[in-house]
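Contents: one structure, followed by commentary.
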Amino acid sequence: MYIPFKITTDYTLLNSLIKIKDLIIFCNKNNIKTCGICDTNLYGSIEFYKLCIQNNIKPLIGLEVIIDNKSIYLYAMNYDGYKNLLKINSLVEDNLVTLEVLAKYSNNIIAILPYKSISFYEKLSFYKYIYLSYQNDEELRNELVKTNKVIYLKNLKYLNKEDYKYYKYLKLLNEEKTSERDENSYLELVNLSDIQKEELNNLVSLLNVTIPFNKRYIPSYLKDGDSFTYLSNLCLKGLKKRLNNVTIPKYLKRLKYELAVIKKMGFVDYFLIVYDYVLYAKKHNILVGPGRGSAAGSLVSYVIGI
């Protein structure tokens, strides 16, 4: 079966009618077990990934980069590749993407060039895997395959053929006219030849992104030393200051309890980072507060000046 992996969603504004939830419903209805999106941003990637995993669909995550009005499709091979896509996406938003940037963040990424972008082929030699794509012309495929890796690719922008009439209005809102190719940009269950299927399956086998959601990425506050000991000492010092050096057992007991909870939850460095920038703000007459949430009313936050 054809694997749709160049789907443009409505996260590419005024360029697609496809909503991610509708896409997953379509895949389930048509027994599509592998699917890929490739927008001009990564805003929909997490929503897409989670829904794919929930519905036993293999997610392929791509990013369309445009340089000199030519498209380059970049796909993450794994989580490291996805992180490189995120770095590229940040630079896309600031219009800072160049071939040098793509080279810098090329690890664990596969590049696919539509035929109109073939002039970039030699310039993208820093990619371990690079494919040229074709859509309908079998003669073009036979010519390209002589010297290059090729792949059948259809840029999909709406789910059903009859949606084209609405897609036309979308393009007009974007001050663009539809082209002949747009009339075939619906998710059609294409019957591929055996060799086309093999080419497609070989590519898809290289794309295996698993995104972990159970990790925290809080930087260490101290280069050397124990952050928990440092925070505990700050708290004791702050408590003495606020109680005028009077020892009150119930406060010490409460402080010990809160520090234990903070350590257990992995938030020691987080408290120290907040303490650091709040201290800087107060020293430089920058207004601070008010705080929100359970941490804002804690004894630890009070005694270290947050």
Side-chain angles (χ1 to χ4, degrees), residues 1-9 16 18 22-39 48-49 51-53 55-64 71-78 81 108-122 124-125 127-164 179-210:
M1 179 180 285
Y2 172 57
I3 298 172
F5 67 96
K6 178 51 181 92
I7 295 174
T8 301
T9 77
S16 173
I18 299 176
D22 295 338
L23 172 61
I24 300 303
I25 293 172
F26 184 96
C27 289
N28 282 331
K29 183 179 178 181
N30 292 279
N31 198 33
I32 296 173
K33 294 301 182 183
T34 301
C35 182
I37 62 171
C38 187
D39 285 307
F48 172 71
Y49 177 87
L51 284 176
C52 280
I53 298 303
N55 289 274
N56 198 29
I57 297 170
K58 179 177 179 177
L60 313 176
I61 299 177
L63 174 67
E64 180 177 351
S71 292
I72 303 170
Y73 308 142
L74 305 176
Y75 286 83
M77 298 177 67
N78 49 39
N108 298 296
I109 287 177
I110 288 175
I112 300 175
L113 288 175
Y115 186 71
K116 288 184 177 180
S117 305
I118 195 171
S119 59
F120 277 132
Y121 189 81
E122 297 297 331
L124 297 177
S125 59
Y127 285 109
K128 183 178 180 180
Y129 299 100
I130 180 169
Y131 290 77
L132 288 173
S133 69
Y134 63 95
Q135 183 162 324
N136 295 318
D137 195 335
E138 188 66 20
E139 290 184 5
L140 175 61
R141 181 212 171 273
N142 292 337
E143 184 63 32
L144 293 175
V145 79
K146 292 177 182 178
T147 54
N148 309 285
K149 289 183 178 180
V150 299
I151 201 76
Y152 175 84
L153 177 146
K154 190 176 179 183
N155 195 356
L156 307 169
K157 299 177 181 178
Y158 48 96
L159 291 176
N160 303 296
K161 188 174 184 178
E162 56 271 22
D163 292 336
Y164 174 65
S179 66
E180 230 176 273
R181 179 157 290 186
D182 287 326
E183 294 185 35
N184 293 309
S185 295
Y186 61 97
L187 213 170
E188 181 183 12
L189 302 181
V190 182
N191 291 319
L192 301 180
S193 67
D194 289 341
I195 191 166
Q196 287 175 319
K197 289 178 183 176
E198 183 180 355
E199 290 166 347
L200 195 55
N201 288 330
N202 287 341
L203 169 60
V204 169
S205 69
L206 298 171
L207 304 173
N208 300 287
V209 175
T210 300

Would you give the length of the straight line joining atom [atom1] of [X] to atom [atom2] of [Y], rounded to the nearest 0.5 angstrom?
X: Leu132; Y: Leu153; atom1: CG; atom2: CG; answer: 11.0 Å
X: Leu124; Y: Ser119; atom1: CG; atom2: OG; answer: 9.0 Å
X: Asn108; Y: Leu207; atom1: CG; atom2: CG; answer: 11.0 Å
X: Phe26; Y: Ile7; atom1: CZ; atom2: CD1; answer: 8.5 Å
X: Ser71; Y: Ile112; atom1: OG; atom2: CD1; answer: 12.5 Å
X: Lys161; Y: Ser185; atom1: NZ; atom2: OG; answer: 12.5 Å

**Message:** Classify the ring geometry of Tyr158 against Tyr164: parallel below 30°, tilted from 30° to 60°, perpendicular beyond 60°.
**Reply:**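 Plane angle between 30° and 60°, so tilted.
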
Side chain to side chain donor-acceptor pair (under 3.5 Å) partners of [X], counting only residues at least two apart:
X: Asn202; value: none
X: Thr8; value: Lys6, Asn155
X: Thr9; value: Asp39
X: Tyr115; value: none

Within the 4.5 Å heavy-atom criterion, are [X] and [Y] side-chain neighbours or not?
X: Tyr121; Y: Ile130; answer: yes
X: Tyr152; Y: Glu199; answer: no
X: Asn78; Y: Asn208; answer: no
X: Pro4; Y: Ile32; answer: yes
X: Val209; Y: Pro59; answer: no
X: Lys33; Y: Asn31; answer: yes

**Request:** Take Phe5 and Thr34 through the test side-chain contact (heavy atoms from CB on, under 4.5 Å) and record every step on the way to the result.
**Result:** CA-CA 8 Å; Phe5 67 96; Thr34 301; over 6 Å; no

**Request:** Decide side-chain contact (heavy atoms from CB on, under 4.5 Å) for Tyr186 and Asp163; before the verdict, give the C-alpha distance in whole Å, the side-chain angles of both, and the deciding distance to 0.1 Å.
**Result:** CA-CA 8 Å; Tyr186 61 97; Asp163 292 336; over 6 Å; no

Identify, with sequence neighbours excluded, every residue that meets ring pair (Phe, Tyr, Trp, His ring centres under 6.0 Å) alongside [X].
X: Tyr73; value: none
X: Phe48; value: none
X: Tyr131; value: none

**Request:** Sort out for me which residue in Leu51, Leu23, Asn28 forms a side-chain contact (heavy atoms from CB on, under 4.5 Å) with Ile57.
**Result:**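 Checked Leu51, Leu23, Asn28 against Ile57; only one passes side-chain contact (heavy atoms from CB on, under 4.5 Å): Asn28.
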
**Message:** With side-chain contact (heavy atoms from CB on, under 4.5 Å) as the test, pick out the partner of Tyr49 among Leu60, Thr210, Ile37.
**Reply:** Thr210

**Request:** Please answer whether the main-chain N or O of Leu203 pairs with a side-chain N or O of Tyr75 as donor and acceptor at a distance below 3.5 Å.
**Result:**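 A pair under 3.5 Å: no.
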
**Asked** Between Ser133 (side chain) and Leu113 (backbone), is there a donor-acceptor pair under 3.5 Å?
**Response** yes

**Request:** With sequence neighbours left out, write down each residue that passes salt bridge (Lys or Arg N to Asp or Glu O under 4.0 Å) with Glu188, or none if nothing qualifies.
**Result:** Lys154

**Item:** For Lys58, salt bridge (Lys or Arg N to Asp or Glu O under 4.0 Å) partners two or more places apart
**Value:**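 Applying salt bridge (Lys or Arg N to Asp or Glu O under 4.0 Å) to Lys58 gives none.
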
**Message:** I'd like to know whether CD of Glu122 has more than 12 heavy-atom contacts from other residues, nucleotides or ligands below 6.0 angstrom.
**Reply:**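 Atom CD in Glu122 is not packed in, count stays at 12 or less.
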
